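Note sheet for the following structure.
Convention: sequence-line order gives letters A, B, ...; per-chain numbering from 1. As the structure is a computational prediction, the values presented were derived from the model and not from experiment.
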Amino acid sequence: MARPFDVKAVEAKWQARWRDEGTYNVDNDDRRDRYYVLCMYPYPSGAAHQGHVRNYTFGDLVVRYKTMRGYAVLSPIGFDSFGLPAENAAIKAGSHPRLFTDARIRELTSSLVRLGAVYDWRREVQSHDPQYMKYSQMIFLAFLEAGLAYRATAPVNWCPGCATVLANEQVLADGTCERSGDLVQRRELEQWFFRITQYAEELLKDVDELEWPERVKTMQRNWIGRSEGVEFDLALASDPSRALRVFTTRPDTGFGVTYAVLAPEHPLLGELTTPEHAEEVASLVERALSASEVERTSSEGGLAKRGAFTGSYVLNPFNGRSVPVYVADYVLGSYGTGAVMAVPAEDERDYDFARTYDLPIVRTVQAPDGFDGGAYTGDGPHVNSGFLDGLDVVAAKAAAADFLVERAGGLRKVNYRLRDWLVSRQRFWGCPIPVVYCPTDGIVPVPLEQLPVVAPDDVSMDQTGQSPLATHAGFLHTSCPRCGAPARRETDTMDTFTDSSWYFLRMADPFSSGVPFDPTQVAKWMPVDQYIGGIEHAILHLLYARFYVKALVDIGLASGVAREPFARLFTQGMIRLHGTKMSKSKGNLIAPEPYFDTVGADGLRLFHLFVGPPADDVDWTDQTEGVIEGCARFLDRVWRLCSENGLHLVEREGPADYAMRQELHRTIAKVTDSMERWSYNTAVAALMELLNAVSKWARDPQGASRVVFDEVRRTMLCLLAPMAPHMSAELFEVHYPSEPGVHAQSWPRPDPALLVRESVTMVVQVNGKVRARLEVLADITQEQAREAALGEERVRAALGAPVTRVVVVPPRLVNVITG
RNA sequence: GCCCGGAUGGCGGAAUCGGCAGACGCGGAGGCCUCAAAAGCCUUUACUCGAAAGGGUGUGUGGGUUCAAGUCCCACUCCGGGCACCA
């Protein structure tokens with residue numbers, strides 16, 4: 001489409017000016033009120049796609065809007081530049097991930113600049129920058145010293161496709177790798193962990209304080225999974241001085257325990273298995289432990305193959321009865337004590353198992369009349385439960401817990417679903433873990449002055465299942481920093497989520513050296529006032545970053561910094577093409593560049609703002625091109641209007657001009673409200689309505705006031721400035737050359753006097769149906785409204801029966817009810 | 001299975017506190033301008049009966065509350081997402 005101005009030239013001019021003049025640089029000692037806006041820093045997969053455009057358009061709009069509202073706005077950017085795709089691409093191309101990554105960063109940077117997004121580029125952070133790595137490693141060592149990082153052997157998730165272990169958070173519900181989609185295997189390996197569970201309670205509690213989408217908060221709460229219960233002993237029937245320890249959240253149902261179950265990996269299993277059951281137990285254990293987590297847990301309906309009797313018995317402490325001990329794959333070794341008491345009457349899993357193995361079911365909570373399910377998990381009076389009989393669940397829980405504490409070595413306990421964070425990765429393109437293994441001194445931290453530990457360039461990245469760095473003799477072999485003896489370097493790298501767990505802190509103070517950041521500088525900006533990103537990070541990144549910040553505060557690296565990093569979170573919807581998410585891995589990207597060349601960044605930005613609520617997904621369809629052109633058409637009309645094409649402007653001011661000013665000020669109020677509510681689609685709609693009204697008014701043959709036109713023009717450009725920054729800046733400069741630029745203007749404020757309506761349309765209904773619309777004074781009284789409504793010809797014509805009641809809501813509505 | 005979120009014209013969506021359903025835009029139809037086209041501008045556009053005036057119907061389905069329901073309550077259908085042996 002032919003544009004009334006040279007879009008490319010105008011946009012390039014302003015992009016250069018913002019960058020060259022550092023318009024959006026901000027200093028840490030700025031005295032204005034502060035506002036920290038941050039979009040999740042992107043993984044540099046290449047040039048931007050529409051998902052990026054959407055994300056960074058919202059971010060940039062907030063930056064410019066808050067600046068016009070008088071804040072010192074911190075708007076940094078960076079790149080999450082370690083990660084598997086770059087390594088895989090480099091392997092394929094026989095190149096080095098750094099070359100690949102640096103090229104991708106240049107492309108993505110160019111896209112962001114062409115979008116018109118503005119940043120304080122002095123604060124740019126790149127995860128693979130050796131300077132940044134140095135601080136990432138310092139933090140690791142600080143965690144190590146504080147006991148927050150440790151090495152342990154554990155059953156871990158191994159992804160064959162990625163040739164590395166994964167964190168629990170990176171394994172999807174169906175047991176596949178979130179990145180490669182491969183089925184994850186279980187392997188027993190020695191790995192590095194971060195003690196995130198130490199913060200489980202605080203991570204859970206603080207969720208309440210966050211202004212985040214409710215569903216993200218719910219996901220975090222579910223992931224942490226707190227449950228209160230009692231841990232106690234089930235004495236062995238064969239030797240009551242010894243016991244099997246179990247955890248339960250339902251001690252009140254103790255009289256209903258009819259068997260106990262061990263996890264296949266339970267340490268007492270061998271001892272409790274009698275010779276005649278050994279074979280059956282062994283085959284179950286072998287199958288359970290070699291299977292992947294999914295295979296183990298998804299054998300729907302196949303309960304028959306899932307458990308085995310050990311041949312041993314334990315004593316139920318409540319009634320002294322001897323109950324059989326089973327082993328079953330549905331009990332997890334890694335949660336609680338790895339063993340449970342089973343109450344088939346009040347637990348669905350136990351019920352299913354008991355039915356399959358023909359074990360007794362004893363009801364201890366009275367189910368309501370008509371309950372026809374299996375296990376009853378609701379409330380009710382206890383029965384068959386000795387001293388608990390008659391008590392409801394809450395009271396019985398307390399009494400039963402007291403009993404267990406006194407009589408069965410019981411301990412009230414809180415368990416969490418959350419596990420420690422496995423941070424080792426057997427891959428090359430990540431930040432090396434800075435420790436050395438010495439035969440005499442054991443694990444020795446690399447001294448601070450030797451940081452960063454940087455991987456050499458000549459490493460073979462072939463995926464042999466071990467870390468690529470382990471194959472590089474020059475890197476692997478070193479000397480112990482403590483005793484000088486020959487030693488071996490750690491060859492694993494850190495999970496890239498460690499990089500993204502603190503980058504926003506470095507961005508708040510990228511100027512300090514020798515420390516990751518200066519806490520007093522960072523404290524000035526944190527927490528991030530508005531964090532913007534995708535819902536896909538609802539658990540992983542957001543939980544890890546919360547943990548990092550709390551830990552950094554506690555160990556002194558971030559003293560005085562807010563304990564929660566992201567006060568407000570906005571998760572924007574994703575772009576879908578033919579129903580699937582737009583992403584590089586799916587190969588269905590739509591690049592913004594062609595649009596930059598035609599409708600311009602402003603047109604594309606406006607489209608993303610206008611197409612729907614920011615939180616909703618966007619379907620990229622055949623209609624989309626039309627909507628984008630519609631947005632560009634709107635901008636063209638603004639351009640032509642501002643240039644006074646075909647206008648009839650006069651010096652005098654009349655009633656139509658006053659009405660125009662009222663319309664303008666109502667628009668200011670509407671747009672401002674929409675901006676605050678993240679309702680950008682309606683903000684754009686309000687500006688479109690304003691333009692329609694102005695066009696009509698300013699072309700009226702009667703003539704429109706020049707003074708009012710000027711007010712409309714300058715105000716409209718201000719309102720448009722965060723949305724379509726290039727064109728607004730250009731028009732403002734052309735028409736108001738002696739003033740500071742549009743983005744330096746204050747955000748318009750509506751004049752309250754102009755928001756008052758003198759007259760309004762009053763609806764008159766008869767029995768709820770609209771029969772007339774009357775133009776009435778806004779301050780009409782009840783009586784006057786009633787008179788006016790009943791006096792209306794068309795209302796009387798619609799009556800048909802005597803009036804029995806009149807509902808009057810002045811000045812909006814009258815509803816006449818007939819008999 | 002459990003927990004959230006959603007369903008409004010041909011399409012994206014609006015309606016912020018229970019008070020004019022469909023703002024704004026896309027698409028469609030008609031017109032102006034033009035030798036013609038593009039661009040631009042104007043009119044129109046929920047469905048339906050009607051020549052018109054005007055009437056009827058209408059926010060996933062079925063009930064309910066209310067003078068009044070897209071909005072509140074109950075039951076359900078479908079779609080999207082999360083969790084799913086965590087004892």
| task | Using side-chain contact (heavy atoms from CB on, under 4.5 Å) as the criterion, list what pairs up with A/Val627, not counting sequence neighbours. | result | A/Phe607, A/Phe610
| If you look at every strand shown and take non-hydrogen atoms under 4.0 Å, does A/Arg226 touch a base, only sugar-phosphate, or nothing? | nothing
| Where along nucleotides 14-23 of chain B does protein come under 4.0 Å, by heavy atom, of base (B) or sugar-phosphate alone (S), with - for untouched nucleotides? | S-B--BB--B
| field | Residue whose nearest RNA chain B nucleotide is more 5′ - A/Ala686 or A/Glu214 | value | A/Glu214
| task | Find the distance A/Leu690:CG to B/rG25:P and express it as a whole number of Å. | result | 12 Å
| field | Candidate list A/Tyr351, A/Phe353, A/Tyr357, test ring pair (Phe, Tyr, Trp, His ring centres under 6.0 Å), partner A/Tyr259, passing option | value | A/Phe353
| said: Quick check: closest heavy atoms across A/Phe247 and A/Val340, and the distance to 0.1 Å? | reply: O-CG1, 4.5 Å
| B/rA46 versus B/rC26 - spacing of their C1' atoms, nearest Å | 16 Å
| message | If you assign each of A/Ser227 and A/Asn692 to its closest nucleotide in RNA chain B, which residue comes earlier from the 5' end? | response | A/Asn692
| remark: A/Met723 atom CE is separated from B/rC24 atom P, nearest whole Å, by 16 Å
| Euclidean distance for C1', B/rA15 against B/rC20 (whole angstrom) | 11 Å
| So, A/Asn415 versus A/Ser227: side-chain donor-acceptor pair below 3.5 Å or not? | no
| Watson-Crick or G-U wobble mate for B/rA53, both contacts under 3.5 Å | none
| Counting heavy atoms not belonging to A/Glu775, are there more than 12 under 6.0 Å from its CD? | yes
| B/rG70 to B/rG22 separation - C1' atoms, rounded to the nearest Å | 11 Å
| Quantified in whole Å, what is the C1' atom distance between nucleotide B/rA14 and nucleotide B/rU59? | 12 Å
| request: Would you mind pulling out the nucleotide paired to B/rA29, Watson-Crick or G-U wobble, both distances under 3.5 Å? | output: B/rU43
| query | Whole-Å distance between B/rG5 C1' and A/Met574 CE? | reply | 14 Å
| message | Tell me the interatomic distance from A/Glu629, atom CD, to B/rC11, atom P, rounded to whole angstroms. | response | 21 Å
| Going by an N to O cut-off under 4.0 Å, is there a salt bridge joining A/Arg245 and A/Glu231? | yes
| query | Using atom P of each nucleotide, how far apart are B/rG9 and B/rG82 to the nearest Å? | reply | 27 Å
| Per A/Val611 side chain, nearest of listed nucleotides B/rG56, B/rG12, B/rG40 | B/rG12
| message | Both distances below 3.5 Å, Watson-Crick or wobble geometry, any strand: find the nucleotide opposite B/rC78. | response | B/rG6
| message | Please pick, from B/rG56, B/rA87, B/rG27, the nucleotide with the shortest atom-to-atom distance to any side-chain atom of A/Arg771. | response | B/rG56
| query | Is there a Watson-Crick or G-U wobble partner for B/rC72 with both distances under 3.5 Å, and which nucleotide is it? | reply | B/rG64
| query | With sugar-phosphate meaning primed atoms plus P, OP1 and OP2, does A/Thr218 contact a base, only sugar-phosphate, or nothing at under 4.0 Å between heavy atoms? | reply | nothing
| field | Pair A/Glu228, A/Thr249: side-chain N/O donor-acceptor within cut-off below 3.5 Å | value | no
Sort me out a list of protein N/O and nucleotides 78-82 of chain B N/O pairs below 3.5 Å, or just none if empty.
none

| note | Rounded to whole Å, NZ of A/Lys696 lies from P of B/rC42 at a distance of 8 Å
| Residue-phosphate contact under 4.0 Å: A/Arg637 side-chain N/O, B/rC41 OP1/OP2 | yes
| task | To the nearest Å, give me how far apart CZ (A/Arg633) and C1' (B/rC24) are. | result | 13 Å
| said: Side chains of A/Asn692 and A/Arg637: any donor to acceptor distance under 3.5 Å? | reply: yes
| said: Over 60° means perpendicular and under 30° means parallel, so tell me whether A/Tyr595 and A/Trp620 are parallel, tilted or perpendicular. | reply: perpendicular
| query | Say you pick atom P in B/rG1 and the same atom in B/rC49; how far apart are they, in whole Å? | reply | 44 Å
| task | Give none if B/rC35 has no partner; otherwise give the nucleotide forming a Watson-Crick or G-U wobble pair with it, both distances under 3.5 Å. | result | none
| Under 3.5 Å, is there a donor-acceptor pair between the A/Glu346 and A/Thr364 side chains? | yes
| message | Looking at A/Arg221, I'd like to know if its CZ atom is crowded, meaning that more than 12 non-hydrogen atoms belonging to other residues, nucleotides or ligands lie closer than 6.0 Å. | response | yes
| request: Specify the separation, in whole Å, of atom CD of A/Gln623 and atom C1' of B/rG9. | output: 13 Å
| field | Where the chi angle of B/rG9 falls, syn if within 90° of 0 and anti if not | value | syn
| Rounded distance in Å - OH (A/Tyr330) to P (B/rG1) | 21 Å
| message | Once you apply a heavy-atom cut-off of 4.0 Å, does A/Thr624 come out as touching a base, just sugar-phosphate, or nothing? | response | nothing
| said: Rounding to an integer number of angstrom, what distance separates B/rU57 and B/rG62 when you compare their P atoms? | reply: 15 Å
| message | Return the pairing partner of B/rU16 with a 3.5 Å limit on both distances, Watson-Crick or G-U wobble; otherwise return none. | response | none
| Check: A/Val611 and A/Arg54 side chains under 4.5 Å, non-hydrogen atoms | yes
| request: Assign B/rC76 to syn or anti; the rule is syn for a glycosidic angle within 90° of 0 and anti otherwise. | output: anti
| request: Take atom C1' in B/rC67 and the same atom in B/rU16, then report the distance between them in whole Å. | output: 24 Å
